[in-house]
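One structure is given below, encoded as structure tokens.
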Amino acid sequence: MTFLIQMVDVAFRLYTYIIFARVLLSWIRHDPYHPVFRFIYEITEPVLGFFRRIIPPIGVFDISPIVALFAVSLVRMLVLNILTRFAF
């Protein structure tokens with residue numbers, strides 16, 4: 001069971017890093033058709049798009065990544081807590 005807990009934790013952390021990468025990509029010039037960049041956009045858009053619909057941009061600032069990171073962190077803690085309780 002600890003292997004499952006570790007894998008879930010790694011998956012959430014990896015998704016957090018991918019969201020950070022998406023934020024960094026928004027600050028630099030890049031080829032949006034490059035497969036790596038397309039993957040990052042496709043994997044993060046469902047979550048960021050959801051929060052973007054709820055919280056519109058404030059001027060030129062899109063705060064959906066901040067809210068998404070907070071939400072992913074919260075869900076990570078909840079899921080890990082539930083898995084830890086069932087492990088023992």
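Between L80 and I5, the shortest heavy-atom distance links the atoms CD2-O, 3.6 Å. Taking both residues in full, the closest heavy atoms of S26 and V23 are given as OG-O, 2.5 Å, listed atom of the first, atom of the second, then distance. Residue P65 comes nearest to L48 through the heavy atom pair CA-CD2, 3.6 Å, listed as atom of the first residue, atom of the second, then distance. For the pair I43 and Y15, the tightest heavy-atom approach, listed with the atom from each and the gap, is O-OH, 2.9 Å.
Linking ILVMFWY residues whenever their side-chain heavy atoms come closer than 4.5 Å, directly or via other members, leaves L78 and L83 in distinct clusters. One hydrophobic cluster, built from ILVMFWY side chains closer than 4.5 Å, holds both F12 and F50. When hydrophobic clusters are built by joining Ile, Leu, Val, Met, Phe, Trp and Tyr residues whose side-chain heavy atoms come closer than 4.5 Å, directly or via intermediates, M77 is not grouped with L14. Note on F70 and I19: separate hydrophobic clusters, where clusters join Ile, Leu, Val, Met, Phe, Trp and Tyr whose side-chain heavy atoms are under 4.5 Å apart, directly or indirectly. Tracing side-chain contacts under 4.5 Å through hydrophobic residues (I, L, V, M, F, W, Y), one reaches V72 starting from I54; they form part of the same cluster.
Other residues, nucleotides and ligands contribute over 12 non-hydrogen atoms within 6.0 Å of the OH atom of Y41.
In this structure, the side chain of S73 does not engage the main chain of L69 through any donor-acceptor pair within 3.5 Å.
For R13, the side chain to side chain contact (heavy atoms under 4.5 Å, CB included) test picks out D9, Y17, R76, with sequence neighbours left out. For F20, the ring pair (Phe, Tyr, Trp, His ring centres under 6.0 Å) criterion is met by no residue, not counting sequence neighbours. Residues passing the side chain to side chain contact (heavy atoms under 4.5 Å, CB included) test with I55, sequence neighbours excluded: I63, V67.
Here the straight-line distance linking atom OG1 of T44 with atom CZ of R22 works out to 4.0 Å at 0.5 Å rounding.
With salt bridges taken as basic N to acidic carboxylate O contacts below 4.0 Å, none links E45 and R38.
Using a 30° and 60° split on the angle between ring planes, H30 and F37 fall in the perpendicular class, above 60°.
I66 is not listed as a side-chain neighbour of F51, based on a closest heavy-atom distance of 4.5 Å or more. Using a 4.5 Å heavy-atom threshold, the side chains of L24 and I28 count as separate.
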